[in-house]
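For reference, the structure is listed below as C-alpha cells.
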Amino acid sequence: MFFLMQCTHHPDMDTKRDALRPNHRAWVVSGGDGLAHVLVGSATQAPGGAVLGNFGILQADSETNAMAFAQGDPFAQGGVVSDIRLTRLADSFQAHRIDPMTRA
C-alpha cells in the first residue's frame, strides 16, 4: 500500500530540526528499520521560506506500519512535528516512476 504522509512542524524549530536532520535522514534511508519504504520526500515551505513541515510518499504493509514510521522519525520523537496525517493512495498509483529514497 502507498501513503502520502504529511507532517506539520511546530514554528521556530530551525535549530532543533538542523540538529536532528542527520538522524532523520538515516531513519528515512533505513525505512524506519523496515517499517516502510520512502519513495520521495521533502520539506514544505511557506512563501517566505520558513519550513512548515515535511511530506513523503511511503510504501508500507499497513497504515499501522506507515504511522509507526512517521511517529518514530527523529523529527517526531524530538518534538519538531506537531501533526501527522496519512492518506492512502489509489491502488493505481504508479510507484515505479519514482526512484526510491530508501534502499531495499
Side-chain angles (χ1 to χ4, degrees):
M1 290 179 261
F2 296 96
F3 299 90
L4 171 63
M5 175 192 71
Q6 296 171 284
C7 300
T8 303
H9 293 187
H10 292 286
D12 302 318
M13 296 300 261
D14 294 342
T15 300
K16 193 170 211 178
R17 190 173 26 255
D18 288 346
L20 293 169
R21 187 169 288 111
N23 292 337
H24 161 76
R25 288 182 174 158
W27 181 257
V28 169
V29 168
S30 79
D33 294 328
L35 289 168
H37 287 98
V38 181
L39 303 182
V40 66
S42 184
T44 56
Q45 293 183 315
V51 175
L52 298 174
N54 62 286
F55 82 93
I57 296 179
L58 312 177
Q59 181 179 17
D61 291 337
S62 65
E63 187 171 349
T64 300
N65 283 359
M67 184 57 79
F69 170 81
Q71 291 173 336
D73 186 309
F75 284 168
Q77 293 290 306
V80 172
V81 174
S82 64
D83 181 58
I84 299 169
R85 289 179 309 277
L86 288 178
T87 304
R88 184 163 175 196
L89 300 177
D91 291 338
S92 60
F93 179 70
Q94 297 183 20
H96 66 277
R97 298 176 65 190
I98 300 171
D99 182 26
M101 296 174 76
T102 300
R103 299 298 168 208

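Every heavy atom of this structure was used, including side-chain atoms; hydrogens, water molecules and symmetry mates were not. Worth saying up front: this structure is predicted, and the values here are computed from it rather than measured.
- Leu86 and Phe69 fall within a single hydrophobic cluster, where Ile, Leu, Val, Met, Phe, Trp and Tyr side chains are chained together by heavy-atom contacts under 4.5 Å.
- Linking Ile, Leu, Val, Met, Phe, Trp and Tyr whenever their side-chain heavy atoms come within less than 4.5 Å leaves Val51 and Trp27 in two separate clusters.
- For the pair Leu58 and Ala36, the tightest heavy-atom approach, listed with the atom from each and the gap, is CB-CB, 4.4 Å.
- The shortest heavy-atom contact between Ala70 and Ala76 is O-CB, 3.5 Å.
- The cluster map of Ile, Leu, Val, Met, Phe, Trp and Tyr, joined by side-chain heavy atoms under 4.5 Å apart, puts Leu52 and Ile84 in different clusters.
- Looking at heavy atoms from C-beta onward, Asp91 lies out of side-chain contact with Phe2 at the 4.5 angstrom threshold.
- Heavy atoms only, all atoms of each residue included: Gly79 and Met13 are closest at O-CE, 3.2 Å.
- Residue pairs meeting the salt bridge (charged side-chain N to carboxylate O under 4.0 Å, His left out) criterion with at least one partner in residues 61-87, sequence neighbours excluded, are Asp83-Arg85.
- For residues 19-31, the pairs satisfying salt bridge (charged side-chain N to carboxylate O under 4.0 Å, His left out) are Asp18-Arg21, with sequence neighbours left out.
- To the nearest 0.5 Å, atom CG of residue Asn54 and atom CD of residue Gln6 are 10.0 Å apart.
- Atom CG of Asn65 is separated from atom NE2 of His37 by 11.5 Å, given to the nearest 0.5 angstrom.
- At least one donor-acceptor pair closer than 3.5 Å links the side chain of Ser82 to the backbone N or O of Thr8.
- Judged by distance alone, with hydrogens and angles left aside, the side-chain atoms of Gln77 form a donor-acceptor pair with the main-chain N or O of Gln71 at under 3.5 Å.
- Lys16 places a side-chain N or O within donor-acceptor distance of the main-chain N or O of Gly78, the cut-off being under 3.5 Å.
- How far CG of Leu89 is from CZ of Phe3: 8.5 Å, rounded to the nearest 0.5 Å.
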